[in-house]
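To start, the structure under review is shown below, and the notes come after it.
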There are 2 protein chains.
Amino acid sequence: MDIPAIKVACSNCNLRELCLPMGLNSDEIVKLDRLVSTRRRIKRGSALFSVGDPFTSLYAVRSGFFKTCVTTPDGRDQVTGFQMTGEIIGLDGIVNERHACDAVALEDAEVCVMPFDQVEALSREFTTLQSHVHKIMSREIVRDHSVMLLLGSMRAEERLAAFLLNLVQRLHARGFSQSELVLRMTREEIGSYLGMKLETVSRTFSKFVDEGTIEVKQRYVRILDTEALKRIVTPCEGD
Amino acid sequence: MDIPAIKVACSNCNLRELCLPMGLNSDEIVKLDRLVSTRRRIKRGSALFSVGDPFTSLYAVRSGFFKTCVTTPDGRDQVTGFQMTGEIIGLDGIVNERHACDAVALEDAEVCVMPFDQVEALSREFTTLQSHVHKIMSREIVRDHSVMLLLGSMRAEERLAAFLLNLVQRLHARGFSQSELVLRMTREEIGSYLGMKLETVSRTFSKFVDEGTIEVKQRYVRILDTEALKRIVTPCEGD
DNA sequence: CGGAACATTGAGAGGGATCAATGGACGTGG
DNA sequence: CCACGTCCATTGATCCCTCTCAATGTTCCG
């Protein structure tokens with residue numbers, strides 16, 4: 001191979017403050033480099049893994065945007081999450097050594113492949129990584145619980161407002177605007193995630209536009225009044 | 001203290017096939033004994049821990065029945081799970097070193113306290129436990145995703161049917177009947193978990209009774225036609 | 001026995017689903 | 001460059017499932 005080996009390494013990755021190495025010291029990150037040896041490119045619309053695939057690795061999103069979804073035997077499916085840069089995909093596969101959901105790229109994407117046996121070996125070796133892995137899994141559990149809260153006890157407007165706020169917050173942490181975003185998913189995918197039909201998603205967007213809370217042009221969304229969105233999510237702060 | 005020290009140990013616990021030690025060999029279980037040193041009794045209606053409490057330990061349910069729930073700022077709450085004998089509570093606390101939900105005993109209960117720093121230390125020491133802890137967390141994530149599917153895309157009857165089937169299945173794994181159960185939670189708690197109002201839960205029970213699928217007498221439920229329940233959850237097997 | 005907590009059932013209202021039609025954005029190929 | 005098809009989004013009209021409000025019944029316990 002004459003292709004100059006681009007060093008695939010956490011230590012020189014500009015995402016290290018968002019990704020697995022977050023909070024590790026430079027010494028520890030160098031050890032991590034042993035773990036992340038390969039990258040994988042995923043085309044828009046194709047799957048990083050699918051239900052039933054043997055589980056071998058966790059994946060860190062390096063670029064692009066993913067959705068994960070589960071499917072009922074009768075074909076309905078539920079988007080369980082959207083993952084952006086620096087987030088970890090694949091934790092669902094650990095229990096049964098097979099993936100329990102599909103992970104699909106919503107735009108051309110690249111992930112760092114982290115073979116799970118190596119993750120385990122390395123986290124036996126040094127405490128910081130061990131703690132880190134545990135926190136990543138725990139964070140996912142807490143996130144899932146807040147989605148359950150959303151699905152179980154919020155109305156359409158509250159769900160969409162919470163969704164938008166969550167998205168901009170995560171994008172902001174990645175250096176993007178606090179008030180503008182481009183949705184990478186369709187209305188139907190948003191609806192699936194939020195437990196509502198795509199028409200309801202669209203109508204709710206239109207409602208927010210009418211109220212002057214946001215501007216929408218297809219996938220582009222501009223938040224004009226963040227406070228209004230927050231009030232929708234939490235109707236009576238202080239009650 | 002004159003109270004004879006009852007040995008608190010996984011190695012002589014009759015739940016070891018269901019609980020943390022599941023699948024470990026006797027050698028490894030002896031090591032686990034170092035970890036589980038104390039038990040704690042929780043009265044019906046009181047909390048094992050609450051939102052915001054410092055996180056120190058995971059808990060294995062030894063007897064009794066718990067619910068975990070999260071709360072919105074405006075007071076609505078969502079039951080995120082029901083835990084029975086052998087199941088692990090507290091994983092939500094790992095990320096922020098504070099608990100993110102309340103865990104409340106639905107009947108007088110007893111838990112084994114597993115200080116998390118010791119869990120981490122021991123799982124650095126031996127691989128089987130490490131793998132086990134990872135699987136327990138991953139199982140929780142997969143479970144949460146299936147609850148999201150339930151909340152996001154099922155109707156009331158499907159939700160309740162899925163709930164009943166899940167409960168009896170878990171109870172059966174603990175040696176109880178496949179067709180009879182006593183609910184430990186109120187209609188309101190079931191409703192909160194399933195994202196529906198208590199009246200709807202009650203009505204749906206009545207509907208199942210009318211159809212001859214189950215018998216209900218308050219908290220006591222007898223399943224007369226398991227297949228019918230399964231058909232409700234998966235309306236068109238094969239479509 | 002009386003009260004509190006929990007459960008059932010009814011009647012009516014409403015939020016979101018469903019069905020359906022239209023319109024815009026984008027990519028491909030002529 | 002425009003035509004065309006496809007995918008996606010918007011909007012309207014109607015329906016229905018579940019919520020809400022309300023009354024009654026049951027169980028449990030002091």
Side-chain angles (χ1 to χ4, degrees), chain A residues 43-45 65 67 75-79 104 106-108 150-164 181-211 214-222 232 235, chain B residues 43-46 65 67 76-79 104 106-108 150-161 163-164 181-211 214-221 232 235:
Chain A
K43 278 236 171 316
R44 172 192 169 126
F65 204 91
K67 69 170 177 182
R76 286 176 290 184
D77 71 321
Q78 171 76 25
V79 172
V104 176
L106 297 182
E107 56 185 1
D108 290 357
L150 180 147
L151 291 171
S153 63
M154 291 185 172
R155 290 174 314 100
E157 291 170 45
E158 305 174 68
R159 295 181 196 196
L160 191 63
F163 173 72
L164 288 175
L181 68 157
V182 175
L183 301 169
R184 298 280 118 112
M185 69 294 280
T186 66
R187 301 290 189 262
E188 183 163 23
E189 285 160 338
I190 296 172
S192 171
Y193 182 58
L194 299 178
M196 49 207 255
K197 294 287 134 178
L198 70 95
E199 294 94 330
T200 308
V201 174
S202 182
R203 269 184 253 272
T204 309
F205 269 125
S206 301
K207 183 145 192 272
F208 289 170
V209 171
D210 291 347
E211 293 165 350
I214 62 174
E215 254 172 49
V216 176
K217 191 164 192 180
Q218 300 289 123
R219 303 279 179 105
Y220 168 87
V221 176
R222 182 196 192 91
I232 291 171
Chain B
K43 278 236 170 313
R44 172 191 169 128
S46 58
F65 204 92
K67 68 171 177 181
R76 284 175 292 184
D77 71 321
Q78 171 76 25
V79 172
V104 176
L106 296 181
E107 57 185 2
D108 290 357
L150 179 147
L151 291 171
S153 64
M154 290 186 173
R155 289 173 317 99
E157 290 170 47
E158 305 174 69
R159 294 181 196 197
L160 192 62
F163 173 72
L164 288 174
L181 68 157
V182 175
L183 301 169
R184 297 281 120 113
M185 69 295 281
T186 66
R187 300 290 190 265
E188 183 164 23
E189 286 160 340
I190 296 172
S192 172
Y193 182 60
L194 299 179
M196 48 207 257
K197 293 288 135 179
L198 69 95
E199 295 94 331
T200 308
V201 174
S202 183
R203 269 184 253 272
T204 309
F205 270 125
S206 302
K207 182 144 193 274
F208 288 171
V209 171
D210 291 346
E211 293 166 351
I214 62 175
E215 254 172 46
V216 176
K217 191 166 191 180
Q218 300 289 125
R219 302 278 178 106
Y220 168 87
V221 176
I232 291 170

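Keep in mind the model is a prediction, meaning the values are calculated, not measured. Residue numbering restarts at 1 for every chain, and letters A, B, ... go by the order of the sequence lines.
- The shortest side-chain heavy-atom distance between B:Leu198 and B:Glu189 does not fall under the 4.5 Å cut-off.
- By the salt bridge (charged side-chain N to carboxylate O under 4.0 Å, His left out) test, A:Arg155 pairs with A:Glu158, sequence neighbours left out.
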Pick out the pairs of N or O atoms, protein on one side and nucleotides 27-29 of chain C on the other, that lie under 3.5 Å.
none

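- The CD-C1' distance, from B:Glu189 to C:dA7, rounds to 13 Å in whole Å.
- For B:Leu160 and D:dT18, the CG to C1' distance is 14 Å, given to the nearest whole Å.
- Take B:Arg184 and apply the salt bridge (charged side-chain N to carboxylate O under 4.0 Å, His left out) test, not counting sequence neighbours, and it matches B:Glu107.
- Between B:Met154 atom CE and C:dG16 atom P the separation is 21 Å, expressed in whole Å.
- When side chains are defined from C-beta on, B:Phe205 counts as touching B:Leu164, because their heavy atoms get closer than 4.5 Å.
- A:Lys197 is linked by a salt bridge (charged side-chain N to carboxylate O under 4.0 Å, His left out) to nothing, counting only residues two or more places apart in sequence or in another chain.
- Using a 4.5 Å cut-off on side-chain heavy atoms (C-beta onward), A:Val221 and A:Phe208 make no contact.
- By the 4.0 Å N-to-carboxylate-O rule, A:Lys207 lies close enough to A:Glu211 to be salt-bridged with it.
- Five base pairs at each end of the helix from C:dC1-D:dG30 to C:dG30-D:dC1 define two local axes, and these are offset by 40° (rounded to 10°).
- No more than 12 heavy atoms of other residues, nucleotides or ligands shown are found within 6.0 angstrom of CD on B:Glu188.
- B:Asp210 has its CG atom 12 Å from the P atom of C:dT8, to the nearest Å.
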Q | Per-nucleotide protein contact string for nucleotides 7-15 of chain D, where B marks a base within reach and S marks sugar-phosphate only (heavy atoms under 4.0 Å, - for neither) | A | -SSBBBB--
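- Residues B:Phe65 and B:Met185 form a side-chain contact, since some pair of their non-hydrogen atoms from C-beta on lies under 4.5 Å apart.
- The NZ-C1' distance, from B:Lys207 to C:dT8, rounds to 17 Å in whole Å.
- Counting only heavy atoms from C-beta outward, the side chains of A:Phe163 and A:Val201 never approach each other to under 4.5 Å.
- Distance, B:Glu157 CD to D:dC17 P: 9 Å, rounded to whole Å.
- For A:Met196 and C:dT18, the CE to P distance is 13 Å, given to the nearest whole Å.
- No more than 12 heavy atoms of other residues, nucleotides or ligands sit less than 6.0 Å from atom CZ of A:Arg44.
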